[in-house]
Student: 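My questions all concern the structure below.
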2 protein chains.
Amino acid sequence: MAASTLTEVARLAGVSPATASRVLNGSARTPGPDIAQRVRQAADSLGYIPNAQAQGLAKSSSGLIGLIVHDIADPYFAAIARGVQDAAREQRRMVLLATTGGAPAEEKEAVAAFAARRADSIVIAGSRSARNEDLQDNAELAAELDRYCRNGGQVAVVGHPVVGASASEGYHVVAVPNEELAQSLAASLAEGRDCDFVVIGGPEGLFTSDDRIRGFQAGLERAGRPAAELVRSAFNRSGGYEAGLALAQRLKAAGPARRPLCIFAVNDVMAIGATAALRAEGLRIPRDATIAGFDDIETLRDFRPALSTVRLPLEDIGRLATRATARGAAEHPDEAGPPITGAVTLRRSTEAGA
Amino acid sequence: MAASTLTEVARLAGVSPATASRVLNGSARTPGPDIAQRVRQAADSLGYIPNAQAQGLAKSSSGLIGLIVHDIADPYFAAIARGVQDAAREQRRMVLLATTGGAPAEEKEAVAAFAARRADSIVIAGSRSARNEDLQDNAELAAELDRYCRNGGQVAVVGHPVVGASASEGYHVVAVPNEELAQSLAASLAEGRDCDFVVIGGPEGLFTSDDRIRGFQAGLERAGRPAAELVRSAFNRSGGYEAGLALAQRLKAAGPARRPLCIFAVNDVMAIGATAALRAEGLRIPRDATIAGFDDIETLRDFRPALSTVRLPLEDIGRLATRATARGAAEHPDEAGPPITGAVTLRRSTEAGA
DNA sequence: AAGCAGTGGGAATGCGCTTTCCCAATCAGC
DNA sequence: GCTGATTGGGAAAGCGCATTCCCACTGCTT
């Protein structure tokens with residue numbers, strides 16, 4: 001038994017397909033109540049499920065929303081995904097998932113795939129990159145996005161705009177005040193604390209990372225502190241771990257007379273990695289070094305020592321991005337919702353004098 | 001400018017749509033090289049992207065695979081989702097995501113929505129429930145799944161079959177040896193340890209939870225130990241936390257002369273919650289109580305104290321489930337891949353004599 | 001009573017693509 | 001040199017639905 005079609009339902013109800021369509025999918029015209037009743041009953045008894053593909057073809061709109069993340073198992077993206085999913089449900093749409101590992105080339109593929117499926121909108125999470133090696137791919141991604149928008153697609157990107165994207169219509173950016181927040185964090189950490197600052201950053205050219213580094217340095221400068229030393233590493237846990245190892249070696253080499261070290265990892269997973277490395281080397285936090293991260297991912301809730309960080313409303317970010325792409329959102333640009341705000345959250349990992 | 005169509009490409013190339021389709025989407029018949037070249041060039045210059053909806057309609061197959069989870073931000077599901085995504089990519093398909101919070105009614109909705117989109121297959125993660133309150137919804141879910149399968153859909157469910165599902169064709173179950181593994185865990189924990197066992201379980205009727213409880217008790221019995229006391233709670237972190245709180249009170253009331261307590265939480269997030277509760281109450285692990293979980297979610301990697309657990313290859317589970325639903329997998333039932341195995345993993349949280 | 005707008009239903013077209021069927025041209029075989 | 005098989009391309013028929021247009025009919029108005 002193949003899935004039953006509208007035509008079959010119509011025949012069973014003794015009406016035309018047009019009428020059946022009108023009653024089952026709420027068009028502007030509503031057939032008479034008796035007819036409607038008959039059609040509905042026929043649909044029921046046949047277990048009719050409308051073919052969304054066909055509907056999409058006919059209406060050219062699919063009720064699909066594409067989500068692009070680096071890695072769905074990363075708590076940061078998982079939280080955003082939850083928000084997106086939530087908003088999608090409230091708009092009665094479904095989300096299509098694509099994971100790219102952060103490579104612009106893959107992201108371009110994903111956009112093309114979403115476009116092929118005629119997704120109504122696309123949400124891109126995950127930091128944009130301006131690295132030279134990605135230049136070509138980024139340009140292609142931007143072109144793909146432009147084309148998608150010109151064809152009526154809506155796209156929202158979290159954080160920074162895609163380099164070179166120039167679509168005017170249907171292109172939204174959910175701005176995250178990374179720089180300002182990192183600056184506040186630096187201010188908080190510098191306050192009444194005498195130590196050397198080190199930043200564990202991601203690869204150069206990653207906007208999110210670079211913004212946070214820049215903000216942090218600015219904060220230190222404002223507080224009259226010398227700039228932090230910068231250690232670059234991969235933008236994930238193992239990157240943090242490696243950087244942490246290097247710092248641990250250095251700390252141990254410096255001996256007991258060393259000045260206290262205050263570490264800022266540009267995201268929480270890196271901070272977790274660094275913390276693990278320090279611990280593995282026998283160092284304790286915050287006694288031997290203090291450390292702070294960024295994002296306040298859910299994992300931190302039960303992580304010890306409690307990590308200082310900057311709280312970001314990740315779920316809201318996903319939700320807002322999704323809503324920005326909704327039909328009708330364009331008509332109310334003023335109702336764009338509250339801008340994203342974060343909050344410096346100091347916890348045990350940066351307690352002074354421990 | 002609307003997205004260009006196959007017909008436009010064909011016209012530009014000076015061939016018929018049929019020919020254009022043949023060269024661009026690899027049919028059985030391949031047109032001559034010169035023509036192919038012309039068509040490809042035309043497609044290129046127009047930035048042609050095939051309309052997957054139309055393709056799906058024509059071929060009645062969408063290249064979509066539906067994934068149903070309770071909560072995408074739960075590390076357990078996120079890990080499975082990663083596996084699914086990975087397998088999907090290797091089959092050049094896209095994944096549609098649905099989160100249900102575990103409610104069978106929502107799951108039924110999701111299945112219907114996937115069916116409407118003509119998803120080629122559906123992967124259901126998340127534990128099945130046999131609770132009375134869910135009886136009706138479960139029956140409807142089963143009916144929906146049956147219908148989906150009869151219409152040629154492939155479904156794979158992780159863990160237990162859906163109650164009442166009776167489709168013979170296209171219905172796969174990725175079995176997880178919860179009971180056996182829980183039994184092994186109990187055996188390991190009972191070995192050379194004198195203590196009272198307590199199990200923190202999920203709500204009655206949740207298969208995963210019940211299986212693990214049953215296995216654990218069986219393991220204790222085999223080891224000649226009295227059955228563990230059972231505390232039921234929600235199947236998530238806060239459930240674990242509440243149960244942990246109760247246990248903490250009891251421990252503290254019992255005073256220093258108490259017998260050591262060994263806790264088994266039926267999954268890791270509950271174990272984490274319980275641990276947090278004990279810690280919040282000033283108790284230490286493993287000194288004041290030992291604890292073990294189940295799943296070995298990625299979060300555990302950096303959780304302290306290191307939690308004993310049962311390692312489950314979550315990503316593989318997702319991958320296997322997805323592969324089981326792939327076209328062609330049915331022809332090679334013998335190549336169903338290795339059965340899922342887990343491994344008792346003892347860590348610091350259950351170290352005796354600490 | 002004739003003419004009118006308004007109402008409720010059906011016929012037909014098209015969304016963009018795949019695929020069968022058909023036809024002309026080429027080739028091999030005798 | 002003729003027939004039969006084979007190749008390579010096009011015409012056309014759907015896939016399942018939404019929607020525009022059209023028509024028959026009702027209930028008014030003057």
Student: Asn25(B) side chain: which of dT19(D), dT18(C), dG10(D) is closest?
Tutor: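 Closest nucleotide to the Asn25(B) side chain: dT18(C).
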Student: Heavy atoms, side chains only, cut-off 4.5 Å: are Ser61(B) and Arg118(B) in contact?
Tutor: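 A side-chain contact under 4.5 Å is absent here.
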Student: What's Pro17(A) touching, base or sugar-phosphate or nothing? Going by heavy atoms closer than 4.0 Å.
Tutor: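 Touches nothing.
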Student: Among Thr100(B), Leu67(B), Leu145(B), exactly one meets side chain to side chain contact (heavy atoms under 4.5 Å, CB included) together with Ile124(B). Which residue is that?
Tutor: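 Only one of Thr100(B), Leu67(B), Leu145(B) forms a side chain to side chain contact (heavy atoms under 4.5 Å, CB included) with Ile124(B), namely Leu145(B).
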Student: If you check the Ser21(B) side chain, which of dA18(D), dT18(C), dG10(C) turns out closest?
Tutor: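 Selected nucleotide: dT18(C).
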Student: Let me know, please, whether Ala20(A) or Lys59(B) comes out on the 5' side of the other along DNA chain D by nearest nucleotide.
Tutor: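 Result of the comparison: Lys59(B).
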Student: Once hydrogens and angles are ignored, does a donor-acceptor distance under 3.5 Å link the base of dG10(C) to the side chain of Arg22(A)?
Tutor: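 Such a pair exists between side chain and base.
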Student: Go through dC17(D), dA11(D), dC15(D) for me and flag the one nearest to the Leu6(A) side chain.
Tutor: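 That would be dC17(D).
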Student: Counting heavy atoms from C-beta on, name the nucleotide in dG10(C), dC17(C), dA18(D) closest to the side chain of Ala58(B).
Tutor: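 Nearest to the side chain of Ala58(B) among the choices is dC17(C).
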Student: Report the distance from atom CZ of Arg38(A) to atom C1' of dG8(C), rounded to the nearest whole Å.
Tutor: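 Checked: the CZ to C1' distance equals 13 Å.
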Student: Would you say that Gln91(A) contacts Thr322(A) through its side chain, given a criterion of any heavy-atom pair below 4.5 Å between the two side chains?
Tutor: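 Yes, their side chains come closer than 4.5 Å.
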Student: By the 4.0 Å heavy-atom rule, please label Thr5(A) as base, sugar-phosphate, or nothing.
Tutor: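 Thr5(A): backbone/sugar contact only, no base atoms under 4.0 Å.
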Student: So which nucleotide from dA12(D), dC17(D), dA12(C) ends up closest to the side chain of Ala18(A)?
Tutor: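 Side chain of Ala18(A) sits closest to dA12(C).
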Student: Measure from the side-chain N and O atoms of Arg150(A) to the backbone N and O of Glu169(A), and report whether any donor-acceptor pair falls under 3.5 Å.
Tutor: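 Checked: no pair found.
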Student: Rounded off to whole Å, could you give me the CG-to-C1' distance for the Leu57(A) and dT13(C) pair?
Tutor: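 Value for this atom pair: 14 Å.
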Student: Counting only side-chain heavy atoms from C-beta out, which of dG9(C), dG16(D), dT19(C) sits nearest to Ile35(A)?
Tutor: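 Output: dG9(C).
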Student: Quick check on dG10(D): is either OP1 or OP2 less than 4.0 Å from any side-chain nitrogen or oxygen of Thr19(B)?
Tutor: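 For dG10(D), OP1 or OP2 has a side-chain N or O of Thr19(B) closer than 4.0 Å.
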